[in-house]
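Working notes for the structure below.
Note: hydrogens, waters and symmetry copies are ignored here, and every other heavy atom, side chains too, is used. Since we're looking at a predicted model, the values are computed, not measured.
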Amino acid sequence: MKKEKNENLIAQNKKAHHDYFIKDTYEAGIALTGTEIKSVRARRINLRDGYVQVINGSAFLENVHISEYKQGNRYNHEPLRSRRLLLHKKQLARLAKDQSTRGIAIIPLKVYLKHGFAKVLIGVGQGKKKYDKRETIKKRDQERELRRQYKI
């Protein structure tokens, strides 16, 4: 019996597809401490303002808030610390190249559990302009209207 990815979905950055054209995606592991993984499994993570930064051949997840674990004591983690992402060298090289390009952002899209490990789906995106966002909303509304008309 195979579980679907939606069952293991912990957090999702819904604003990412609204603000960026996602060109490419990568799946990466996250190096977490004990209290962090317990908070992630309790779904106490926020991806909204997060981004990925490549420094000296390593990728780091920045500005992602993982709340402190309630039952944790003095060994609790800091909520906004940078967390290392586990990627292959070729993927890191491509991300470093993309990061150096102007107008490109690397953002976390989803956090989910896969075989008991926390994974993050990161996307390489180009920022949308205001008129692009309006066009996307307009297209979505038109598709919704078409579906309503054919449903009746």
If every non-hydrogen atom of Gly50 is compared with every non-hydrogen atom of Val64, which pair is closest and at what distance? CA-CG2, 3.8 Å
Are the side chains of Ile66 and Arg83 in touch, meaning some heavy atoms are under 4.5 Å apart? yes
Would you mind listing the cluster partners of Tyr69? Hydrophobic ones only (ILVMFWY), side-chain contacts under 4.5 Å, chaining allowed. none
Ionic contact status for Arg144 with Asp141, cut-off 4.0 Å: yes
Please determine whether side chain to side chain contact (heavy atoms under 4.5 Å, CB included) holds for the pair Lys15 and Leu47, giving the CA-CA distance in whole Å, both sets of side-chain angles, and the decisive distance to 0.1 Å. CA-CA 10 Å; Lys15 205 108 163 93; Leu47 300 174; over 6 Å; no
Work out which heavy atom in Leu87 is nearest to a heavy atom in Glu27; give both atom names and the distance. CD2-O, 3.8 Å
Closest heavy-atom pair and its distance - Ser58, Arg84: OG-NH2, 3.5 Å
Side chains of Thr35 and Glu68 in contact at under 4.5 Å (non-hydrogen atoms): no
CZ/Phe21: more than 12 non-hydrogen atoms of other groups inside 6.0 Å: yes
Under 3.5 Å, which donor-acceptor pairs link side chains of residues 119-133 to any protein atom two or more places apart or in another chain?
unit_1	atom_1	unit_2	atom_2	d
Gln126	OE1	Lys23	NZ	3.0
Lys128	NZ	His17	O	3.1
Lys128	NZ	Thr136	OG1	3.2
Asp132	OD2	Lys129	N	3.3
Lys133	NZ	Asp19	OD1	3.4

Please report the shortest heavy-atom distance between Arg41 and Leu113, naming the atom on each side. CG-CD1, 4.1 Å
List, one per line, each side-chain donor-acceptor pair under 3.5 Å for residues 99-108, sequence neighbours excluded.
unit_1	atom_1	unit_2	atom_2	d
Gln99	OE1	Val54	N	2.8
Ser100	OG	Lys97	O	2.7
Thr101	OG1	Lys97	O	3.2

Under a 4.0 Å threshold between the charged nitrogen and the carboxylate oxygen, would Arg140 count as salt-bridged to Glu143? no
